[in-house]
Amino acid sequence: MPIRVKVRNAETGSTVDMEMENENTMDEIVRGAASFWNKNPGAYVLRRGKRLLRGSQTVLEVGLKDADELELIPDPEGGYRAPPQ
Amino acid sequence: MTVIRPEDSDKDRWGRSRLIDWLDIEQVQSARYLVLGAGALGNETIKGLVLSGARDITLVDMDHVVRSNLSRCVMFREKDGAERRWKAEAVAERAIEIDPGARVRPVVGRIEQLSDDEWKTYDVVLGCLDNIAARLHANSHSYFNGVPYIDGGTEGVAGRVQTIVPPFSPCLQCGLNRSHYRVLERRHSCTGSELTYYRPAMAAEITTTSIIAAVQVLEALKLVCGRYDAVIRNVMHYNGLRNSWDELELSIEPACPLHIKTS
């Protein structure tokens, strides 16, 4: 049975509800949320409370429940590269 | 009988630092530091280390100074940009102006050129890098050689610091997900050679850079003074627009190759 969690965009504060199954991974949630907000193609991590969630973890392994809240945080790589001439 | 004068404490360069009870200046001075990257974060990190009393630092960078670095790099001067000096050499020279007793050895080249034999001679490695591939190299070589690694990263007014103490902590690779690997894949061809890939990343913002570098240096000081109990567990994220700090826990990734090898 699917559960519905809230994913918060750490950069803007906006949220989106995401429906997921027990076998969905955190990688899939990162990709879905970053795509929804048209994020730059950079690196992002997910947190739940005080824990960072690993990409390979499933909804079941993390123990996500209905109405839980996750936050999508940009993972700074650093270094500005000028656009190619 | 020892006779002291009121102004004696002003003559000791680290007189004030010695008032911080856990901060062992002799340990700070005798430790060996490896700093990877001499960009904005590397500049601030070297500044913090040298002011804190570090005397034996190796600084690795393969790039040269350009004028646009000057708004974020405290150690660079106009002439460095005009002369396209190597960043590592310019920083090393300025560090000695801050403390003539400090020795910053510049290495102009890629971090991959450092051998494992050299890597294991350091007490702590500070990563001030600008890409995931170099971070993974620093992470694996530090972990493999049992040297604590403090990774810093910034983008605009956001930043992160991860402190990795092998073999106890999860490593940098444990926290990567597919979004990191997609960034890596875009930068490398199927032969492994680096491609010219443009990602519209935000540049570093100097106050954020200073904050992140300061945390990295403080983490290094804690480690060389044996305050393992006080280091970040495991990743600290900073958001300058929200004025927030979050210390986040990360667990070891069972499939992480570093942990499979060391367990």
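Fair warning: this is a prediction, and the values are worked out from it, not measured in the lab. Below, chains carry the letters A, B, ... as their sequence lines are ordered, and counting in each starts from 1.
Taking CD from B/Gln162 and CG from A/Asp75, the interatomic distance works out to 8.5 Å, rounded to the nearest 0.5 Å. One distance of note links CG of B/Leu250 with CG of A/Leu53; it measures 9.5 Å at 0.5 Å rounding. A/Ile73 CD1 to B/Arg160 CZ: the interatomic distance, rounded to the nearest 0.5 Å, is 10.0 Å. Between atom CD of residue A/Glu11 and atom CD of residue B/Glu155 there is a gap of 8.0 Å, rounded to the nearest 0.5 Å.
In this structure, chain B has heavy atoms under 4.5 Å from both the backbone and the side chain of A/Ala10. Only the side chain of A/Val30 comes within contact range of chain B, judged by heavy atoms closer than 4.5 Å. If you measure heavy-atom distances from B/Ser251 to chain A, the contacts under 4.5 Å come from both the backbone and the side chain. For B/His180, the parts lying under 4.5 angstrom from a heavy atom of chain A are both the backbone and the side chain.
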For this session: Take A/Arg47 and B/Glu247, measure what salt bridge (charged side-chain N to carboxylate O under 4.0 Å, His left out) needs, and give me the verdict at the end.
Result: CA-CA 11 Å; A/Arg47 66 178 276 192; B/Glu247 189 180 12; over 6 Å; no

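Between A/Arg51 and B/Glu249 there is a salt bridge, since a side-chain N of the basic residue sits under 4.0 Å from a carboxylate O of the acidic one.
Using a 4.5 Å cut-off on side-chain heavy atoms (C-beta onward), B/Asp130 and A/Glu77 make no contact. Taking 4.5 Å as the limit, every side-chain heavy atom of B/Leu248 sits out of range of all side-chain heavy atoms of A/Val45. Counting heavy atoms from C-beta outward, A/Arg54 and B/Pro254 have side chains that approach closer than 4.5 Å. In this structure, A/Met26 and B/Asn177 have side chains that are not in contact, with every pair of non-hydrogen atoms separated by 4.5 Å or more.
Taking every heavy atom of both residues into account, A/Pro76 and B/Gly159 meet most closely at CG-CA, 3.8 Å. Across all their heavy atoms, A/Ser56 and B/Glu253 have their closest contact at OG-OE1, 2.7 Å.
Side-chain contact, A/Arg31 with B/Ser179: no donor N or O sits under 3.5 Å from an acceptor N or O.
Under a cut-off of 6.0 angstrom, the local environment of CZ in B/Arg178 is sparse, with at most 12 non-hydrogen atoms contributed by other residues, nucleotides or ligands.
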